[in-house]
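Report on one structure; see the data block that follows.
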Amino acid sequence: MVNLSATFQNHTFANPLMNASGVHCYTTTQLDELLASSAGTLVTKSATMAYRQGNPKPRYRSLALGSINSMGLPNEGLPYYLDYVLAKQTQADVPTLFLSVAGISMQEDLDMLAQVDQSDFNGFTELNLSCPNVPGKPQVAYDFEATEKMLDSAFKLFHKPLGVKLPPYFDLAQFDIVAKILNQYPLAYINTINSVGNGLYIDVDSETVAIKPKGGFGGLGGAYVLPTALANVHAFRQRLNDSIAIIGTGGVQTGADVFAHILAGADLVQVGTQLAKDGPDVFARLTQELSDVMAQKDYHNLSDFKNNLKEL
Ligand code: RRO
């Protein structure tokens, strides 16, 4: 018998799978569809204080090996998502939920965190430090000084479980620096990785880019990014305090990919591009495939292989 239940801080989920923020989580209808699916829990679209239309369309393109997007933070505004999670958390059959915020400025981040802190929300709040797609706004988490300043200020006013969404890093020296910063704070978790920022897909037949904003530059997801995602999960698991949990995000197409994320050290695993392709039914397939992989290997619980990656 395989048991997929996933412990995350002091919470337990039926399985480790959930959506990646930005996919199938803009509206209450989509969020309800996630709750009705086989996903263990959900995260809302990263919110700004007020409604944002986002970048001009087409702004998302599914590709043979993944996806490219430059959505530009379209969302319904924090009150919409906060109302949703507050209403749902009173229902007995609803798991602990994740609420994502991504301000356009540090002050907006702090204002949103203050609002969540003062609310009755009892789930996990995720501060997205890695949106790659707002023209003129570099990703906070690639600026180490700004990241430290942000976390200093955030933890002065926020008293609930807080996680951060990180962009991919590509140099071992960056993992050392970022982990040293993160280890100073009582973070509940990190979520790694956001999309690989500012890729450029080119269609040779038409000699054009794939999306309209930013001249075609956009965040990559899907198969393109799986090894980068696994590297980030593993590098941070090797460097972060045990008290900081890890959500692994990036490149999951199969149950074996979910297994790989957990083997690399992920506690929960998010699905973005494949969810956009298949819809919420993807979670039934992925949980079945993960169970099959575990059964073949005679593993009964996620703890039997979590963070057990072998080196040569
Ligand atoms: O909305 C977006 O363009 C977006 C965001 Br906020 C993010 O964090 N990651 C991404 O790939 N797209």
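Counting starts at 1 for both ligands and their atoms, following the listed order. If you read the sequence from its start, that first residue is 1, and numbering goes on from there.
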Residues Asn75 and Thr48: side-chain donor-acceptor under 3.5 angstrom: yes
Asp278 and Gln274 side chains, donor-acceptor separation under 3.5 Å: yes
Nitrogen or oxygen atoms of [X] and ligand 1 under 3.5 Å apart:
X      : answer
Pro132 : no
Asn69  : yes
Gly72  : yes
Leu73  : yes
Ser195 : yes

Intermediate values then yes/no, salt bridge (Lys or Arg N to Asp or Glu O under 4.0 Å), Arg285 and Glu289: CA-CA 6 Å; Arg285 174 175 68 80; Glu289 289 178 2; 3.1 Å; yes
Listed pairs under 3.5 Å, donor-acceptor, residues 233-241 side chains, sequence neighbours left out:
from: His234; atom 1: ND1; to: Ala264; atom 2: O; distance (Å): 2.9
from: His234; atom 1: NE2; to: Gln238; atom 2: NE2; distance (Å): 3.4
from: Arg237; atom 1: NH1; to: Ile244; atom 2: O; distance (Å): 2.9
from: Arg237; atom 1: NH2; to: Asn241; atom 2: O; distance (Å): 3.0
from: Arg237; atom 1: NH2; to: Ile244; atom 2: O; distance (Å): 3.1
from: Arg239; atom 1: NE; to: Asp176; atom 2: OD1; distance (Å): 2.6
from: Arg239; atom 1: NH1; to: Ala235; atom 2: O; distance (Å): 3.0
from: Arg239; atom 1: NH2; to: Asp176; atom 2: OD1; distance (Å): 3.3
from: Asn241; atom 1: ND2; to: Asn183; atom 2: O; distance (Å): 3.2
from: Asn241; atom 1: ND2; to: Asn183; atom 2: OD1; distance (Å): 3.3

Within reach of ligand 1, part of Val134 (heavy-atom separation under 4.0 Å): neither
Ligand 1 versus Gln139: contacting region, heavy-atom distance under 4.0 Å: neither
Atom 4 (C) of ligand 1 - nearest protein heavy atom and its distance: Asn133 ND2, 3.7 Å
Residue, atom name and distance, where the atom is the protein heavy atom closest to atom 6 (Br) of ligand 1: Cys131 SG, 3.2 Å
Judged by non-hydrogen atoms, does [X] sit under 4.0 Å from ligand 1?
X      : value
Gly219 : no
Lys165 : no
Pro74  : yes

Centroid-centroid under 6.0 Å between Phe98 and Tyr189 rings: yes
Tyr142/Tyr169 aromatic ring centres below 6.0 Å: yes
Closest non-hydrogen atom pair between Ile68 and Gly216, with its separation: CD1-O, 3.6 Å
NZ/NE/NH1/NH2 to OD/OE distance under 4.0 Å, Lys88 and Asp32: yes
Salt bridge present between Lys160 and Asp117 (N-O < 4.0 angstrom): no
Residue selection (non-hydrogen contact nearest atom 7 (C) of ligand 1) among Asn194, Ile193, Ile68: Asn194
Asn128 neighbourhood, listing ligand 1 atoms whose heavy-atom distance to it stays under 4.0 Å: 6 (Br), 7 (C), 8 (O)
